[in-house]
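Here's the structure, in structure tokens; my notes come after.
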Protein chains: 2
Amino acid sequence: MDAHGRVKSHGYRMTRQRRAVIEVFAEHPGRPLNPADVHLLASEKMPDIGLATVYRALELLCELDVVRRVHLHEEAQHYELNTGEHRHHLVCVSCRGVFPYRGCDLEELEERVRGESDFQVISHCLSIFGYCGECLASAKA
Amino acid sequence: MDAHGRVKSHGYRMTRQRRAVIEVFAEHPGRPLNPADVHLLASEKMPDIGLATVYRALELLCELDVVRRVHLHEEAQHYELNTGEHRHHLVCVSCRGVFPYRGCDLEELEERVRGESDFQVISHCLSIFGYCGECLASAKA
DNA sequence: GATAATATTGAGAATAATTCTCATTTATAT
DNA sequence: ATATAAATGAGAATTATTCTCAATATTATC
Ligand SMILES: [Mn+2]
Ligand SMILES: [Mn+2]
Ligand SMILES: [Zn+2]
Ligand SMILES: [Zn+2]
């Protein structure tokens with residue numbers, strides 16, 4: 001089901017504000033955004049959208065699994081559209097660039113946890129920090 | 001080298017406040033603490049220690065690798081003593097309990113990233129969310 | 001152990017991130 | 001078109017963190 005359907009099927013209303021927030025994510029694939037980013041970008045579509053509304057929309061969309069929280073070791077929370085694909089991020093500590101990383105074996109990891117303890121895994125959060133190719137190249141120059 | 005040595009060898013002074021913060025961590029092994037926690041516990045040893053000083057101590061000790069940041073998907077940052085052992089955490093979303101998890105193959109992961117991209121890995125952050133055994137048991141009861 | 005140089009601290013102001021309150025607006029079922 | 005309740009905007013309130021600056025404490029040197 002798409003974002004619109006998920007909002008409606010849970011009894012929530014599809015407001016112009018929520019639509020704007022979803023559109024902002026769709027227009028910036030692969031780029032994690034924080035609430036202030038989303039507010040700024042959504043303002044271009046809806047000049048009067050409030051910051052609190054953006055926070056509320058992000059909370060709801062996160063709950064509905066339309067967007068997901070991305071952990072970047074920064075002050076503000078970041079979010080990205082949930083494409084359905086399981087993935088994590090390579091975060092450049094120099095330019096703060098974020099690159100997708102798909103090589104995570106969730107099943108193997110969960111299985112190991114299950115085998116070692118009585119903990120029931122729901123999800124996990126993995127972020128990889130280092131230097132991106134571009135920053136490495138410019139450091140050598 | 002121990003915490004004291006690391007502080008001194010980098011030209012920093014070993015103050016009573018920093019000692020108190022280090023002691024607090026040593027006295028609560030395996031329990032990630034946030035700045036407010038550390039401040040409260042350190043206050044028992046040093047009633048006048050300031051919160052800003054705790055923040056400054058945590059920043060320094062993190063830089064010196066005496067403590068490490070732990071990601072729990074909470075508002076405040078959490079820290080724990082760096083025992084030298086590579087490990088992550090199982091976080092119970094019900095009781096917020098935190099349990100150590102040692103089954104992470106850092107080398108294999110870094111190798112895969114290296115093979116797939118030109119990203120140079122420094123570190124990674126993994127947290128596993130779910131339900132702890134105790135919470136599962138009480139849910140069934 | 002006293003002295004001097006300066007790193008560190010405490011207090012509180014300042015900033016940043018997030019949440020809350022409440023009157024007004026808007027989406028949606030009828 | 002109308003009624004009802006959900007959602008919003010504005011700004012206050014809260015929480016987390018950083019900054020400023022005068023006072024204090026650590027450490028090297030005597
Ligand atoms: Mn994964
Ligand atoms: Mn690991
Ligand atoms: Zn980079
Ligand atoms: Zn639990």
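The figures that follow rest on heavy atoms only: side chains count, while hydrogens, waters and symmetry mates do not.
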Worksheet item: How long is the line joining CD of B:Gln77 and P of D:dA16, in whole Å?
Response: 11 Å
Worksheet item: A:Asp48 has an atom CG; how far is it from atom P of C:dT26, in whole Å?
Response: 10 Å
Discussion item. Give the residues of residues 50-63 of chain B touching DNA chain C, defined as any heavy atom closer than 4.0 Å, sorted by residue number.
Written reply: B:Gly50, B:Ala52, B:Thr53, B:Arg56
Response to the item:
note: A:His39, atom NE2; C:dA16, atom C1'; distance rounded to Å ~ 16 Å
Discussion item. Given 3.5 Å as the limit, does a donor-acceptor pair link the side chain of A:Asn82 with the main chain of A:Arg68, or not?
Written reply: no
Worksheet item: Would you say the ring centroid of A:His89 lies under 6.0 angstrom from that of A:Phe99?
Response: no
Worksheet item: When the distance from NE2 of A:His10 to P of D:dA7 is rounded to whole Å, what number comes out?
Response: 13 Å
Item to complete: Would you mind checking if B:Lys45 and B:Glu27 are paired as a salt bridge, meaning a charged N to carboxylate O distance below 4.0 Å?
Response: yes
Discussion item. Taking the six-membered ring for Trp, are B:His86 and B:His124 closer than 6.0 Å centroid to centroid?
Written reply: yes
Worksheet item: Is the shortest distance from a Lys or Arg side-chain nitrogen in A:Arg31 or A:Glu80 to a carboxylate oxygen in the other one below 4.0 Å?
Response: no
Item to complete: Let me know the distance between CD1 of B:Ile49 and P of D:dA25, rounded to the nearest Å.
Response: 14 Å
Discussion item. Given 3.5 Å as the limit, does a donor-acceptor pair link the side chain of A:His28 with the main chain of A:Ala26, or not?
Written reply: no
Worksheet entry | Pair B:His71, B:His88: side-chain N/O donor-acceptor within cut-off below 3.5 Å | no
Item to complete: Check the distance between C:dA17's P and A:Asp37's CG and give it to me in whole angstrom.
Response: 10 Å
Discussion item. Among C:dT28, C:dG10, D:dT27, which nucleotide has an atom closest to any side-chain atom of B:Met46?
Written reply: C:dG10
Worksheet item: Has A:Lys8 got a side-chain N or O lying under 4.0 Å from the OP1 or OP2 atom of C:dA27?
Response: no
Worksheet item: Judged by atom type as modelled, is there a donor-acceptor pair below 3.5 Å linking the side chain of A:Arg112 to the main-chain atoms of B:Gly103?
Response: yes
Worksheet item: Could you give the CD-to-P distance, from B:Glu74 to C:dT19, as a whole number of Å?
Response: 13 Å
Worksheet entry | Nearest-angstrom distance from the residue atom CG of B:Asn34 to P of D:dA16 | 7 Å
Worksheet item: Among residues 12-24 of chain A, which residues get a heavy atom nearer than 4.0 Å to DNA chain D?
Response: A:Tyr12, A:Arg13, A:Thr15, A:Gln17, A:Arg18
Worksheet item: Near B:Tyr12 OH, under 6.0 Å, is it more than 12 heavy atoms from other residues, nucleotides or ligands?
Response: no
